[in-house]
Amino acid sequence: NGTVYALNGYASTAGLSCSAGTTAVPQNCSLSPTTITPTAQGATFTLTASDIAGDYYFSVQANGNDPAAVTHVAPMVLHVVDFSLGAPSSAGITLAPGASSAPISLRISAAGVFTGTVALSCGSLPAGITCQFQPASASPTAGSPVAVTLTLSASQAAATGTFQITASAATPGTSPKVQPLSVTISATPDYALSVTNATLTAQVNATANFDGVVTAVNGYSSSVALSC
């Protein structure tokens, strides 16, 4: 908020506007009211400004509607800050129950004079899947992004299937930044060995024949060597 004072009995109105300084005016720059009547006690106005991340050096200009067209300028500085969360190094992860993923890399970058701390978390995690960030928070600055890693783990009880989760970065006062991840829980390929007649009785030096079955489980596709 700003204030316009009448000096030496000034009794005209003044028009208020945003004007460029050493940088352009922010893309969205508005004043309310745009025409004001200064008073000895001070008449207040409100300036609202926004733009993409960057530093803006501009002014509020008052143009008097008096015969001398008295003009006054008040310098303004607006620092617009932001941060971003880069795409994960792998957008699709496959895990077996009881296993953990290799570290997944992400990068947090800052724009403007950002000085906040960014907290990291996962969203939409199904039962049995957990995530861990290293580090759990980061403080990037412009030109100095922070690399973090994410590890996903599935418990033995995790249900199989493909799930869409999110990696989220948040700091107070801004909207969270989100990156999607696809996680597939797939049982480990294996095989089962069974003998239908596991107990036999045979005479001395007679041949006993046991009947066995080897069954592929969860898409097992390799050969198996059998021995006693």
Side-chain angles (χ1 to χ4, degrees), residues 1-3 16-32 34 45-62 72-95 99-126 129-154 162-184:
N1 294 339
T3 306
L16 302 178
S17 62
C18 299
S19 61
T22 56
T23 69
V25 172
Q27 182 176 2
N28 301 302
C29 188
S30 62
L31 290 136
S32 179
T34 55
F45 66 90
T46 300
L47 183 149
T48 303
S50 64
D51 208 327
I52 61 173
D55 298 324
Y56 300 89
Y57 299 88
F58 62 107
S59 300
V60 174
Q61 183 167 316
H72 289 285
V73 174
M76 310 289 292
V77 179
L78 174 64
H79 299 296
V80 181
V81 301
D82 199 4
F83 71 95
S84 62
L85 176 64
S89 57
S90 179
I93 307 299
T94 298
L95 291 175
S100 296
S101 70
I104 303 161
S105 300
L106 303 99
R107 186 178 296 270
I108 305 170
S109 303
V113 290
F114 181 85
T115 57
T117 298
V118 179
L120 302 164
S121 63
C122 291
S124 303
L125 289 173
I129 300 179
T130 59
C131 82
Q132 182 177 18
F133 282 94
Q134 181 60 38
S137 61
S139 300
T141 58
S144 297
V146 177
V148 301
T149 59
L150 165 64
T151 301
L152 297 170
S153 300
T162 299
F163 308 93
Q164 302 302 318
I165 70 170
T166 58
S168 178
T171 193
T174 65
S175 299
K177 314 298 184 183
V178 175
Q179 288 288 352
L181 279 166
S182 176
V183 181
T184 299

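Side-chain atoms are counted along with the backbone in the values below, which use heavy atoms only and exclude waters and symmetry mates.
- Side-chain atoms of P135 and V148, non-hydrogen and from C-beta on, do get closer than 4.5 Å to each other.
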Between V146 and V118, does the side chain to side chain contact (heavy atoms under 4.5 Å, CB included) criterion hold? Intermediate values first, please.
CA-CA 10 Å; V146 177; V118 179; over 6 Å; no
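- One finds the CG atom of L106 at 6.5 Å from the OG atom of S89 (value rounded to the nearest 0.5 Å).
- Scanning for side-chain hydrogen bond (donor to acceptor under 3.5 Å, both in side chains) contacts around S100 gives S153, with sequence neighbours left out.
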Evaluate side-chain hydrogen bond (donor to acceptor under 3.5 Å, both in side chains) for T151 paired with S101, printing each intermediate quantity in order.
CA-CA 6 Å; T151 301; S101 70; 5.0 Å; no
Can you give each donor-acceptor pair under 3.5 Å made by side-chain atoms of residues 173-182, sequence neighbours left out, with the distance rounded to 0.1 Å?
residue: T174; atom: OG1; partner: T171; partner atom: O; Å: 3.2
residue: K177; atom: NZ; partner: D82; partner atom: OD1; Å: 3.1
residue: Q179; atom: NE2; partner: L85; partner atom: O; Å: 2.8
residue: S182; atom: OG; partner: Q164; partner atom: NE2; Å: 3.4

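- Closest non-hydrogen pair, C18 versus L31, comes out as N-CD1, 3.7 Å.
- Of all the heavy atoms in C131 and L150, the pair that sits closest is CB-CD1, 3.6 Å.
- Closest non-hydrogen pair, A169 versus L120, comes out as CB-CD2, 3.7 Å.
- Nearest heavy-atom pair across A119 and S137 is CA-CB, 4.2 Å.
- Evaluation of the side-chain hydrogen bond (donor to acceptor under 3.5 Å, both in side chains) rule for T46 yields N1 as partners, not counting sequence neighbours.
- Nearest heavy-atom pair, V25 versus A20, reported as atom, atom and distance to 0.1 Å: CG2-N, 3.3 Å.
- The closest side-chain heavy-atom distance from L78 to C29 is not below 4.5 Å.
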Contacts under 3.5 angstrom, residues 54-61 side chains, donor-acceptor by atom type, not counting sequence neighbours:
residue: D55; atom: OD1; partner: H79; partner atom: ND1; Å: 2.8
residue: Y56; atom: OH; partner: I52; partner atom: O; Å: 2.9
residue: Q61; atom: NE2; partner: N63; partner atom: OD1; Å: 2.9

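- The minimum heavy-atom distance linking S105 with T149 is given by the pair OG-CG2, 4.3 Å.
- P140 is not listed as a side-chain neighbour of S109, based on a closest heavy-atom distance of 4.5 Å or more.
- Checked against side-chain hydrogen bond (donor to acceptor under 3.5 Å, both in side chains), T23 has no partners two or more places apart in sequence or in another chain.
- Considering only residues two or more places apart in sequence or on other chains, F83 meets the ring-ring contact (aromatic ring centres under 6.0 Å, His included) condition with F114.
- I165 is listed as a side-chain neighbour of L152, based on a closest heavy-atom distance under 4.5 Å.
- A side-chain donor-acceptor contact under 3.5 Å links S139 and T117.
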